[in-house]
Amino acid sequence: MKKLFYFLGNIITIILAFVLYTIVQQFYFYPFRLRKSLGLGNIPFVVLTAIITIIALLLAFYFYCLQLRHSNERNFNSKPHWQIRKVLLSFLGAIMLIFVSATIQLALGFNTEQTSTNQKLLDQISYQAGYFFPVMVIIVGPIFEEIIFRGLFFNAFFNKNTSSNKWLGILLSGLIFGYAHDPGLTKYLLVYWALGCVLAWVYTTSKDLRYSILSHMIFNSLGFL
């Protein structure tokens, strides 16, 4: 019975983290509409957005740490948090993301003018979000998504320290990440699935969210170069 309650608690935790992420996204994707409805000036709205973002991120990370206190066979999030070899692993992960994305798109016959539904939606949002958009895509989004799709997901479903558990977790984490970015189930699902698998590999290899977050940030930032 305790295991059932713990499992349900993990599901609720992931849902709450998604809700927090969705709320925060509204401030970055629709800032001018939201600022107008709240009757705030530019600076007060920026301050409010920063406060809400920090609180939401801290809550999501707190959920993650609570899970680790209950069960942490893999020794995730252990000190020291910053190591040169793991930073290099992050950069390797970013290179793998670029290679995997390009290779799969080439293999599936995508041309340079084709974009996924998710990317088209982001392109539309970027026009109305202004300078809030890159902050979400490069910084806030990767942190939230790594906490949810890697941290909370592995703690909830694949917390046993076995090789089969690790690789099955990587595949399913990547698949859920892919579906979240391409719910229309187009061929782009394979691209996002592969990207999610690479990020999950970085996380399970480094045993620290900081490094998959760094890989994710580097990859996302390339779209603004």
Closest non-hydrogen atom pair between [X] and [Y], with its separation:
X      : Y      : result
Leu20  : Ala60  : CD1-N, 4.3 Å
Thr205 : Lys166 : OG1-NZ, 4.0 Å
Leu89  : Val202 : CD2-O, 4.0 Å
Lys86  : Ser206 : NZ-O, 2.9 Å
Ser215 : Leu97  : O-CD1, 3.7 Å
Ala17  : Leu152 : CB-CD1, 3.5 Å

Return the [atom1] to [atom2] distance between [X] and [Y], rounded to the nearest 0.5 Å.
X      : Y      : atom1 : atom2 : answer
Ile148 : Ile176 : CD1   : CD1   : 12.0 Å
Ser173 : Phe153 : OG    : CZ    : 5.5 Å
Phe76  : Phe154 : CZ    : CZ    : 6.5 Å
Arg150 : Tyr64  : CZ    : OH    : 12.0 Å
Phe63  : Leu58  : CZ    : CG    : 11.0 Å
Phe158 : Leu171 : CZ    : CG    : 9.0 Å

Quick one: does any side-chain atom of [X] pair with a main-chain N or O of [Y] as donor and acceptor, under 3.5 Å?
X      : Y      : value
Thr103 : Val100 : no
Arg74  : Lys160 : yes
Asp182 : Leu189 : yes
Ser212 : Leu209 : yes

Give a yes or no on whether [X] atom [atom1] has more than 12 heavy-atom contacts from other residues, nucleotides or ligands under 6.0 Å away.
X      : atom1 : answer
Trp193 : CH2   : no
Tyr179 : OH    : no
Ile43  : CD1   : no

Same cluster or not: [X] versus [Y], using hydrophobic residues (I, L, V, M, F, W, Y) connected whenever any side-chain heavy atoms lie under 4.5 Å apart?
X      : Y      : value
Ile54  : Val135 : no
Leu214 : Ile95  : no
Ile23  : Tyr30  : yes
Ile143 : Leu59  : yes
Ile12  : Val19  : yes

Parallel, tilted or perpendicular: which fits the ring planes of [X] and [Y], with parallel below 30° and perpendicular above 60°?
X      : Y      : result
Phe27  : Phe45  : parallel
His181 : Tyr192 : parallel
Phe144 : Tyr21  : parallel

Checklist entry - Phe133 and Val137: side chain to side chain contact (heavy atoms under 4.5 Å, CB included), yes or no, with the steps? => result CA-CA 6 Å; Phe133 184 74; Val137 174; 3.6 Å; yes
Item to check | Evaluation steps, side chain to side chain contact (heavy atoms under 4.5 Å, CB included), between Asn72 and Asn155 | outcome: CA-CA 8 Å; Asn72 189 14; Asn155 287 344; 5.6 Å; no
Does [X] reach the side chain of [Y], with side-chain heavy atoms less than 4.5 Å apart?
X      : Y      : result
Val24  : Thr49  : no
Asn42  : Phe32  : no
Leu172 : Trp167 : no
Asn77  : Lys207 : no

Next on the checklist: side chain to side chain contact (heavy atoms under 4.5 Å, CB included) for Asn161 and Asn165? Distances and angles first, verdict last.
Outcome noted: CA-CA 7 Å; Asn161 191 22; Asn165 206 256; over 6 Å; no
Next on the checklist: Can you pull out every ring-ring contact (aromatic ring centres under 6.0 Å, His included) where at least one residue sits in residues 78-108? Sequence neighbours excluded, please.
Outcome noted: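 Passing the test, one end in residues 78-108: Trp82-Tyr211.
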Checklist entry - Gln67 pairs by side-chain hydrogen bond (donor to acceptor under 3.5 Å, both in side chains) with which of Asn159, Thr13, Asn10? => result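 In the set Asn159, Thr13, Asn10, the residue that makes a side-chain hydrogen bond (donor to acceptor under 3.5 Å, both in side chains) with Gln67 is Asn10.
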Item to check | All salt bridge (charged side-chain N to carboxylate O under 4.0 Å, His left out) counterparts of Lys36, not counting sequence neighbours | outcome: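 With sequence neighbours excluded, Lys36 shows a salt bridge (charged side-chain N to carboxylate O under 4.0 Å, His left out) to no residue whatsoever.
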Checklist entry - Of all residues at least two apart in sequence or in a different chain, which pass the salt bridge (charged side-chain N to carboxylate O under 4.0 Å, His left out) check with Arg210? => result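 Salt bridge (charged side-chain N to carboxylate O under 4.0 Å, His left out) list for Arg210, sorted by chain: Asp208.
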Checklist entry - Is a side-chain donor-acceptor pair under 3.5 Å present for Ser101 with Gln105? => result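 There is such a pair (donor and acceptor under 3.5 Å, judged by atom type) between the side chains of Gln105 and Ser101.
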Next on the checklist: side chain to side chain contact (heavy atoms under 4.5 Å, CB included), that's the test. Do Phe132 and Leu34 meet it? Break it down for me.
Outcome noted: CA-CA 12 Å; Phe132 284 86; Leu34 194 55; over 6 Å; no
